[in-house]
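Here is the structure we will look at.
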Amino acid sequence: MADPASTPLGKMLLEEITPVVMVLCTPYVEESCLKNGLSLIQLLSPFCDFTNIDVPVRTASDQPYRLRKFKLRLFYSSDIRQPNLEVAKERLKKVITHVGEKNFLESSDPSQVNNLLSRPESEMLPSWFQFFNKELVRTLSFSDHEAFDHPVACLLVVSSKDDEPVNRFVDLFNTNKLPSLLNDGAMDPKIMKHYLLLHDNQDGPFNKATKLLADMRNAFGQNDCQIICFNSSQDGKIHHQDNPWAPFKSDALPTENLGCFLNLDDLNEIKDFMQELSSKHIIPYMEQKIRVLNQQVSATRKGFRNQIKNLWWRKGKEDTIDTPNGPVYTFNSIESQIRILGDYAFMLGDYELALSNYRLISTDYKLDKAWKRYAGVQEMMGLTYFLLDQSRKDAEYCMENAFNTYLKLGSAGRRNATRCGLWWAEMLKTRDQLKEAATVYFRICGEDTLHSAVMLEQASFCYLLSKPPMLHKYGFHLVLSGDHYKKCDQIKHAIRTYRSAIPVYKGTTWSLIKDHVHFHIGQWYALLGMYDVAVTHMLEVLASTHQSKTTQELFLRDFLQIVQKTGKTFEVLKLQLPVINISSLKVIFEDQRTNASAAAASVKESLWRSLEEDMIPSSTARSNWLELQSKIIPRKYKESNICVAGEALKVDIEFKNPLQIRISVSSVSLMCELSANPEEDANSSNNEVQNNEDRTSTSSGDINSCLILSEVDFSLEGGETTVVQLTVTPRIEGILKIVGVKWKLSSAVVGLCNFEFNPVNKRVVRGRRKQHSPSSDLKFLVIKSLPRLEGFIHSLPEKPYAGDLRPLVLELSNQSKFPVKNLKMKISNPRFLYAGNQKELNADFPACLKKKMNVEKSGSHANVNKTLQNLFHFPEDISVQEETSLSWPLWFHAAVPGSIPLYISIYYEMEGVSSIMKYRTLRMHYNLQVLPSLDVSFQLSTRPSRSQEFLLRMDVVNKTSSECFQVHQLSSVGQQWEISLLQPVDSILPSQSLFAGQSLSCFFMLKDRRRSSTSEDSIPSLSHIQSDVRLGPQDNSEAFFDVSSSPLADFHDCERSSQGMSSQGCEYKVDFVFIAQLPKGNRDSSSNAPLVFSHHACDCSPSSMSPISWLVDGPRTIQHNFSAPLCEVNLKMTITNSSDAIASVHINTFDSPSSNNQPIDDATTSQPPEHQSGWSEIPIVNDTKIITTEALTTRVPKSLSLESVPQYIWSGTSSTKLVLQPRSTAEIPLQICVFTPGIYDLSNYVLNWILTPVNDGENQGEANKSSGVCKGYPYYLSVLESNFKD
């Protein structure tokens, strides 16, 4: 450790524990001194501190030492008394208040913690701490239990103007005028006296003073009398650059010229006097006093005999009752003499002698239970150990012992404990025990709140300076200190400490204490009337999401009250309430791309580009259209977006209320800058813009302004998030930049949020300029006004039922002064919407969908290519003239239920309007919620006896909750199919209405009339084939809906295309269209026309039909005379391969009926069930067997019981093999031989087939049925006995 005397504690001890000189003077002396603005003591004090006095001193030992530093403390006799407690407190309060005012005016923004730690310790610690500590120590001056404040000398000063100066000296030291401590016996009144004659040179010549000095020396001695002549300046205009009296006159005014009559000679004379008084009078007097006292103490207390005597004399005092002050000791008691000896030795720097006497007296005080005196001695022992730089442990033990002893005394020792704690903390700080010093400061805190505030603040700096810094405790103790300052109405100190704590909690997760600090700083600044700064700090707590609802209401209410007191509207950059999500910022502007609605603008640009790829001219579709205009757009703005004057730019911004309480937001608008294009010619038509550069408009409807800005008002509940759309409309050409957004919170504070704009990266990547989205750049080049189409689809239902078919009208409006032409339209989903013909605009619906009886049916429809290509070209002669509108028919069909998006883009061109834009597109977007209506399913089965006839089952379920549908018709698509009902609908659905939740099942006969299945069938003409069947009343003469014409045929093609099916149907695959209606006005109250619903089914086929089918043909009844040799019957089997693979067929016949139940072979029995087909017996209806799908899956053993079944045999080949090419037919002759009349079931045969795919890539579904077994179906032959011979 460095020299203890050079440490802060050492310097404080050398200043505060020094000899005291009592000053007595006459009024004339003070009068002469006051000419310089100073009292006598103030005049002499700067010359009482000697930093290099170099005086030899010899105390108790024979070895002298040299005293280098020495200081005197001067006090008027009236001030030598214990300070009044209340006056002392008030003085300290004034000191703190003065420092607070000074530091508050000089305060700046708190530094970051890292910057604060990089400073030297001297700059880090407030300088007023030492001043306050000294003042606090001085409040304990002239205690009766301590001797270092006892006067060691008395300086008597008389003016040369006084009458009879010698008598005045005698009168000054009158016992009645001495301090009470001297008269009461606490202090020795027999002290050294020194006499000074003060002569004011302005009062007369020096001769009189010389004579008076001679009289004094005759009366008081030659060495004890001196004279000082001062005020030598006649005009009193001397100005001292280095004012030595400033530290001793705290109440001096800045303009006051202290020492104005004192010249350099006067100052030197005063300085010489004080040095002579110290070195030749006071120090020798103290030396002599120490030697005398040491001899007395040695004679009475030192040595073994004296110690035993002292202990015996004090025996029994342990039983005395403790009193706050203990026994009373006069100045001449041995205990007081020892204490005086120790204090004198301490003040003269003989610390060994002082420590030995402190030890000696400590035991006496402890035995006498004089606890205050005991604590005082322990305190001095600790300080002596420190200055001797010996035994840190002993020094700390003495200080802690003294501190605790003072505290035990209660209020009587509280102030002494504070002084002891201050010295103890300084001692620990000198030894770098900063955490322990902080603990001592914390222990000093007591009942005095103001003193506690200062101690807590000093403790905080101990934590900051510790290694490593304890930042959390530093900030916490600062907050505690500020809270104590506020309780004492020291608001400026409270603000200072709280502001110093801000950097500690900045950037940390300690949110609650951060809010506490900022909120109270804001409140305290408001109390001082500094509302601007108060608002700044209150803003920090507005968005405190972690606080309770009650606390959030408190923060917001106090904030608004402070703002209201200011009487003005604050503009706050980055106001945190509400929170603006900059990342959600979306700019919607229109260049060559225009939007019919906000929904269209929210669609991703990539989707529109893919939709418009075939519609936009290829020269611009393959490159950025802006790059083609590089010679037209100014170079500086090539990367800027383009917008059109008079058309609004929309900005979607997300606002969120982070609090739990409701907030009100009003006057939300954009902040924009509109300036002239600097590269335009000065004589252009845009001079108005150039003359009004950087004009901005806040009006929402001023048509004369350059910008039209929208304003939005809304409120947000707790935690609510909303997206607000703001618009700005430039009215003239120029450069537009969207700077940010502003709003009003609770109509009191204007919030400003600048959009952080990052310039686009302009590096060339792989030869192409890097693309950027429109919302990434908030700078726009405003070009002159252009035509803009507005589009709307009338009567488009938002929630239609599935199958809804209706006409719509597209209306395109042109409000500009220029026409547009070359219109094209692209629809994303033609399954739901496509463009019709212009002649359909005013067509009668639904009559326009009905068949025309006098019109020849054709096999195709006109709109196939148009629908499949998905791009509609308006006729070349169609244009939209200026300030007119165009209506065009559309057909709508709700194909399937669900959420369906529709995207429509309309392309149009402008001629002679702009050199930058040649065309524009209108984008339309609709979201439809298609509700389930009718669930229609079909099941198709083949007939066993007719290979070209099928049984069709249609199931219809009404899945609505309230609607009632009228079934109208079922149509097969194409003219090769004939459809007919097997039973009237009236018997199944008498009301012809399908109510909610009701189901319907109908059976139909479906015939393929492309070729006859038997030789007796003839092929009718196509015009007479019935491909429609009425499901309503059979006597209804209403025409059928024409499913082969637009729009039904077009929508059906779209259904096939959406399912990935080719336009040409395969054999045995049928398409159906089921049509129903809603009664008039059920859904659309605006129209009485019924709603038409069409449901389309594509590629219906027998789901489990075998690819091999056959038909046994022959006579059903024969007559034979069995007297003849035998009866032979010839049959024919027609086998059809309906697959696209090569079929190998093996036919095995069995002679005995019993053999039907026998296993055929291992290969047959090993086939899985799904590869086995056969027929089960069913009733015979008009010699025709109705075969269902279920009959094709299993073969049930026959159980037919006949009374007489003669035997028969297959007389032809019992095993036949053949190969069938794909989709071919072959005939095989069969023959049986009957031996007796009867009824025979000719089903005892089996077909084994194997399919070999022609191409592995085709017909994988049928190729999977590589083999199978089909058992014979019942074929009944009646053989009758003939009564005549053949």
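Small disclaimer: the values here were computed from a predicted structure and weren't measured. Throughout, residue positions are numbered sequentially from 1 according to the sequence presented. Below, each value reflects all heavy atoms present in this structure, side chains not excepted, and no hydrogens, waters or symmetry copies.
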*Apply side-chain contact (heavy atoms from CB on, under 4.5 Å) to the pair F755 and L585, showing each step before the final yes or no.*
CA-CA 9 Å; F755 298 145; L585 183 68; 4.0 Å; yes
*Take W524 and K492 through the test side-chain contact (heavy atoms from CB on, under 4.5 Å) and record every step on the way to the result.*
CA-CA 8 Å; W524 297 336; K492 295 181 179 180; over 6 Å; no
_The test is salt bridge (charged side-chain N to carboxylate O under 4.0 Å, His left out); show your working for E590 and R788 and say whether it passes._
CA-CA 10 Å; E590 297 180 343; R788 180 185 183 277; 2.6 Å; yes
*asked:* As a quick check of understanding, evaluate ring pair (Phe, Tyr, Trp, His ring centres under 6.0 Å) for Y498 and H516, giving each step before the final call.
replied: CA-CA 9 Å; Y498 266 52; H516 172 85; 5.6 Å; yes
*Please assess V651 against L670 for the test side-chain contact (heavy atoms from CB on, under 4.5 Å), listing each intermediate value before the final yes or no.*
CA-CA 8 Å; V651 180; L670 294 172; 3.8 Å; yes
*Could you check Y903 against Y926 for ring pair (Phe, Tyr, Trp, His ring centres under 6.0 Å), going step by step and ending with a plain yes or no?*
CA-CA 7 Å; Y903 305 100; Y926 297 93; over 10 Å; no
*asked:* Assess the residue pair L556 and I661 against the criterion (side-chain contact (heavy atoms from CB on, under 4.5 Å)); give the C-alpha distance rounded to whole Å, side-chain angles, the decisive distance to 0.1 Å, and a yes or no.
replied: CA-CA 10 Å; L556 183 59; I661 59 177; 3.8 Å; yes
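Aromatic rings from Y908 and Y919 are positioned such that their centres are separated by 6.0 Å or more. Checked against the 6.0 Å centroid criterion, the rings of F832 and H893 do not qualify as a close aromatic pair. Ring centers of F570 and Y531: at least 6.0 Å apart, outside the cut-off. Checked against the 6.0 Å centroid criterion, the rings of F792 and H794 qualify as a close aromatic pair.
Taking 4.0 Å as the cut-off between side-chain N and carboxylate O, K650 and D652 do not count as a salt-bridged pair. Between E654 and K586 there is no salt bridge, since no side-chain N of the basic residue sits under 4.0 Å from a carboxylate O of the acidic one. Under the 4.0 Å criterion applied to side-chain N and carboxylate O atoms, E571 and K742 are not assigned as salt-bridge partners. E605 has a carboxylate O that lies under 4.0 Å from a charged side-chain N of R609, or vice versa, which qualifies the two as a salt bridge. In this structure, E790 does not pair ionically with R920, as no charged nitrogen and carboxylate oxygen lie closer than 4.0 Å.
Looking at K514, its side chain does come within 3.5 Å of a backbone N or O of T508 through a donor-acceptor pair. A side-chain donor-acceptor contact under 3.5 Å links K826 to the backbone of L611. Here the side chain of N657 pairs a donor or acceptor atom with the backbone of E717 at under 3.5 angstrom. With T594 contributing its side chain and T921 its backbone, the two residues share a donor-acceptor pair below 3.5 Å. Side-chain atoms of N581 come within 3.5 Å of backbone N or O of S583 as a donor-acceptor pair. With N958 contributing its side chain and E963 its backbone, the two residues share a donor-acceptor pair below 3.5 Å.
Considering CG of N927 and CG of L902, their distance stands at 8.0 Å, rounded to 0.5 Å. Distance check: S710 OG to Q725 CD gives 8.0 Å after rounding to the nearest 0.5 Å. The line from CG of L709 to CG of L649 is 11.0 Å long, rounded to the nearest 0.5 Å. The CG atom of L456 lies 9.5 Å from the CG atom of D483; values are rounded to the nearest 0.5 Å. From T566, atom OG1 reaches atom CE of M530 across 14.0 Å, with rounding to the nearest 0.5 Å.
Proximity of N641 to D591: side-chain heavy atoms (C-beta onward) are nowhere separated by under 4.5 Å. The shortest side-chain heavy-atom distance between Y525 and I491 does not fall under the 4.5 Å cut-off. With contacts defined as side-chain heavy-atom distances shorter than 4.5 Å, the pair V782/I735 does not qualify. Side-chain contact between L778 and V587 is present, with at least one heavy-atom pair separated by less than 4.5 Å. Counting only heavy atoms from C-beta outward, the side chains of L480 and Y485 never approach each other to under 4.5 Å. Using a 4.5 Å heavy-atom threshold, the side chains of T536 and V572 count as separate. At a threshold of 4.5 Å between non-hydrogen side-chain atoms, the residues L575 and L573 do not count as touching. I653 is listed as a side-chain neighbour of V741, based on a closest heavy-atom distance under 4.5 Å.
By the ring pair (Phe, Tyr, Trp, His ring centres under 6.0 Å) test, W888 pairs with F872, F874, sequence neighbours left out.
Shown here is F476, whose CZ atom has no more than 12 heavy atoms of other residues, nucleotides or ligands within 6.0 Å. The environment of CD in Q815 is crowded: more than 12 heavy-atom neighbours from other residues, nucleotides or ligands sit within 6.0 Å.
Ring geometry for F519 versus F555: interplanar angle of 30 to 60°, hence tilted. In this pair, F1093 and Y801 present their aromatic rings tilted. The plane angle is within the 30 to 60° band.
Side-chain contact of R662 with S715: a donor-acceptor pair under 3.5 Å is present, judged by distance alone. A donor and an acceptor atom, one from each side chain of S905 and E612, are located under 3.5 Å apart. Remark: the S548 side chain and the T551 side chain contain an N/O donor-acceptor pair separated by less than 3.5 Å. Donor-acceptor pairing under 3.5 Å is recorded for the side chains of D558 and Q523. If you check the side chains of S813 and S885, you find no donor sitting under 3.5 Å from an acceptor.
Taking both residues in full, the closest heavy atoms of V644 and S785 are given as CG1-CA, 3.6 Å, listed atom of the first, atom of the second, then distance. Between C643 and P730 the shortest heavy-atom distance is SG-CG, 4.4 Å. The two residues S666 and D713 make their nearest non-hydrogen contact at CA-OD1, 3.2 Å. The shortest non-hydrogen separation linking K656 to P578 is O-CB, 3.3 Å. In plain terms, the two heavy atoms of A996 and S962 that are nearest each other are CB-N, 3.8 Å. Of all the heavy atoms in C753 and I582, the pair that sits closest is SG-CD1, 3.7 Å.
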Give the table of side-chain donor-acceptor pairs shorter than 3.5 Å for residues 540-547, with sequence neighbours excluded, one pair per line with atom names and distance.
| unit_1 | atom_1 | unit_2 | atom_2 | d |
| --- | --- | --- | --- | --- |
| S544 | OG | D515 | OD1 | 3.4 |
| S544 | OG | D515 | OD2 | 3.0 |
| S544 | OG | V541 | O | 2.8 |
| H546 | NE2 | D515 | OD2 | 2.5 |
| Q547 | NE2 | D515 | OD2 | 3.1 |

List the atom pairs, donor and acceptor, that lie under 3.5 Å between side-chain atoms in residues 744-751 and the rest of the protein, sequence neighbours left out.
none

